[in-house]
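Read the structure below first, then the notes.
Note on naming: letters A, B, ... go to the chains in the order of the sequence lines (proteins, then strands), and numbering restarts at 1 for each one.
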Number of protein chains: 2
Amino acid sequence: MSEQEQSTEEKILAAAEETFVKDGFEGARMQNIANKAGINKAMLHYYFRSKEMLFEKIFEMKSKFFFPAVKDMMKREDTTFIEKMEEFVEGYINFLTRYPFIPFFVVRTVNSSGTQGFIEKLPFKAQLAESVFISYQKDREQGVVAEIDPNQFLISVIGMCVFPFLGKPILKVVFEMEESNFESMMRSRIPELKLYIRKILTP
Amino acid sequence: MSEQEQSTEEKILAAAEETFVKDGFEGARMQNIANKAGINKAMLHYYFRSKEMLFEKIFEMKSKFFFPAVKDMMKREDTTFIEKMEEFVEGYINFLTRYPFIPFFVVRTVNSSGTQGFIEKLPFKAQLAESVFISYQKDREQGVVAEIDPNQFLISVIGMCVFPFLGKPILKVVFEMEESNFESMMRSRIPELKLYIRKILTP
DNA sequence: TTACGAATTAACCAAATGGTTAAACCAATT
DNA sequence: AATTGGTTTAACCATTTGGTTAATTCGTAA
């Protein structure tokens, strides 16, 4: 059985992830997590001292992926800035389609008043922005990319990718979509955003 | 005193708004709201039967403004689609700058598993999307606007405006910003987004 | 086999929370 | 002055929640 091959700690983490992602920190119930993991509630405190510490563990694991690791992509010499940003959009949307809960989980946590201090543990400080900036400057000097504000542009691209996942329940109502419609909409969103990027960045 | 001129109901609503917006439904405490309003906790249940009903009232008031009322703007005959979208960005960002908590409040509520049923009460069903679509089609027929997907474009523009407010705590860390820096960044974001819109939509 | 430490459980606890109730207050009406 | 009806309060209640504890099980090394 695949269930038995999981250690107790892994079972707890899996159950906690599911619960915290769905209900948030305040909404999550320790008993609920224990039930989902098929163990006694006391075990949660045995492996992780408190609800806070368990949550911290999950958040640390998940937040790593809110901003993807694009350092290597940005450093490549054989692609233009435009191509890099197109690649970024495709990779990011595909990733978020697989883990659609991460954006909301991260955004809720960093905005929540009850869970201060988590922001400091964000692992993407100065990773993404700087590599994008350098990559842009190189192309700009050669005049192969239009003059824009790279920081504003980066925020815009991320916003265009992430927002549909944050506003998904709203979009489903506004555009009268089922789950399958949303997925196909996100699929066709990739070439659409690539088009926008190319139009904005072409000199 | 301005405090005494407020009726008890107004005091409750003001305190509830502040608390719910900051802590969300599950995080908010009735006792906290009562203290903030300077009244007895039983009064909350006297004026609004339950926590759910009080929250519903606040959410209804706030969610109206998540998607701004742009119907009239979109129906104007003397502006092009490009100009309308530029005007939209300027108005929306200015609005969100004044009420920067609304996006997160709405997004958290519609995504929360504990507060189902509130989405149905969203007042913007088919208001925004349809008026934008019609406005685009008119210009498209005259060839004065590029061929894009108007729905995807609308989601993109909203995402570019809203995302900075949702990710504000993260952006402040990533770009090492203070509150004042964030504000000036949002100010300079308006012409930047207008530039993007013009580049995307110019045929 | 025994001993020992880690893993696991059932029962329990104190605090917090949303909600209720009965009594008191207060202004207007009779 | 007495009555009435809405408003306000203090005290109370049942339930839930995160967390603890003491006892038990289990694997393993001596």
Side-chain angles (χ1 to χ4, degrees), chain A residues 1-60 105 108-109 112-118, chain B residues 1-60 105 108-109 112-118:
Chain A
M1 287 297 163
S2 65
E3 297 240 346
Q4 277 301 348
E5 283 163 15
Q6 271 186 319
S7 71
T8 301
E9 189 169 337
E10 286 171 328
K11 280 194 280 186
I12 292 176
L13 285 174
E17 173 182 326
E18 193 183 328
T19 304
F20 279 131
V21 160
K22 204 180 71 177
D23 301 330
F25 179 75
E26 283 118 351
R29 299 284 163 252
M30 295 295 267
Q31 186 62 58
N32 198 342
I33 294 174
N35 292 345
K36 204 165 285 179
I39 51 143
N40 191 288
K41 181 164 69 87
M43 296 296 286
L44 301 179
H45 296 90
Y46 180 73
Y47 280 90
F48 310 86
R49 291 176 55 93
S50 66
K51 188 184 182 184
E52 264 87 8
M53 288 184 180
L54 178 55
F55 181 84
E56 204 170 320
K57 202 92 183 187
I58 303 294
F59 179 70
E60 198 184 330
F105 181 66
R108 165 164 52 187
T109 303
S112 173
S113 64
T115 50
Q116 296 295 33
F118 289 118
Chain B
M1 286 296 166
S2 65
E3 299 237 347
Q4 276 301 346
E5 283 163 17
Q6 271 185 319
S7 71
T8 302
E9 189 169 336
E10 286 170 329
K11 281 194 280 187
I12 292 176
L13 284 175
E17 173 183 327
E18 193 182 327
T19 304
F20 279 131
V21 161
K22 203 181 72 179
D23 300 330
F25 179 76
E26 281 120 352
R29 298 285 162 252
M30 295 295 268
Q31 186 63 58
N32 198 343
I33 295 174
N35 292 344
K36 202 164 286 177
I39 52 144
N40 190 286
K41 182 164 69 86
M43 297 295 286
L44 301 180
H45 295 91
Y46 179 74
Y47 280 89
F48 309 86
R49 290 176 56 93
S50 65
K51 188 183 183 185
E52 265 87 7
M53 288 184 181
L54 178 55
F55 181 83
E56 203 171 320
K57 204 94 182 182
I58 303 293
F59 180 68
E60 197 185 330
F105 178 65
R108 164 165 54 187
T109 303
S112 172
S113 67
T115 50
Q116 295 296 34
F118 291 118

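- Using cut-offs of 30° and 60° for the angle between ring planes, the B:Phe55 and B:Phe25 rings count as perpendicular.
- The distance from atom CG of B:Asp23 to atom C1' of C:dA16 is 15 Å, rounded to the nearest whole Å.
- Residue-level contact check: A:Ala34 touches neither bases nor backbone, having no heavy atom under 4.0 Å from any strand.
- Dashed line: the shortest gap from a side-chain N or O of B:Tyr47 to OP1 or OP2 of D:dT8 is under 4.0 Å.
- Distance check: A:Phe20 CZ to A:Lys51 NZ gives 6.0 Å after rounding to the nearest 0.5 Å.
- Look at CD on B:Glu9: it is 15 Å from C1' on D:dT8, rounded to the nearest Å.
- Residue pairs satisfying the salt bridge (Lys or Arg N to Asp or Glu O under 4.0 Å) criterion with at least one member in residues 40-50 of chain A, sequence neighbours excluded, are absent.
- Atom NZ of A:Lys36 has more than 12 neighbouring heavy atoms from other residues, nucleotides or ligands inside a 6.0 Å radius.
- In this structure, A:Tyr47 and A:Leu13 have side chains that are not in contact, with every pair of non-hydrogen atoms separated by 4.5 Å or more.
- Spacing between atom CG of B:Leu44 and atom P of D:dT8 amounts to 12 Å, rounded to whole angstrom units.
- A:Arg29 contributes no side-chain N or O that, together with a main-chain N or O of A:Thr19, makes up a donor-acceptor pair within less than 3.5 Å.
- Taken over five-pair windows at either terminus, the axes of the helix from C:dT1-D:dA30 to C:dT30-D:dA1 are inclined to one another by 20° (rounded to 10 degrees).
- Each of B:Ile58, B:Ile12, B:Leu54 was evaluated against B:Glu17; a single residue qualifies, B:Ile58, per the side-chain contact (heavy atoms from CB on, under 4.5 Å) test.
- For the atom pair CZ of A:Phe48 and CE of A:Met30, the computed distance is 9.5 Å after rounding to the nearest 0.5 Å.
- No side-chain heavy atom of B:Asn40 sits under 4.5 Å from any side-chain heavy atom of B:Tyr46.
- Between D:dG18 and A:Arg29, a contact under 4.0 Å exists linking OP1 or OP2 to a side-chain N or O.
- The CZ-C1' distance, from A:Phe55 to D:dT17, rounds to 17 Å in whole Å.
- For the pair A:Lys11 NZ and C:dA7 C1', the computed distance is 12 Å after rounding to whole Å.
- Atom C1' of nucleotide C:dA11 and atom CD of A:Gln31 are separated by 13 Å, given to the nearest angstrom.
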Legend entry - Footprint string (nucleotides 19-25 of chain C, 5' to 3'): B base within contact, S backbone only, - free, heavy atoms under 4.0 Å: BBB----
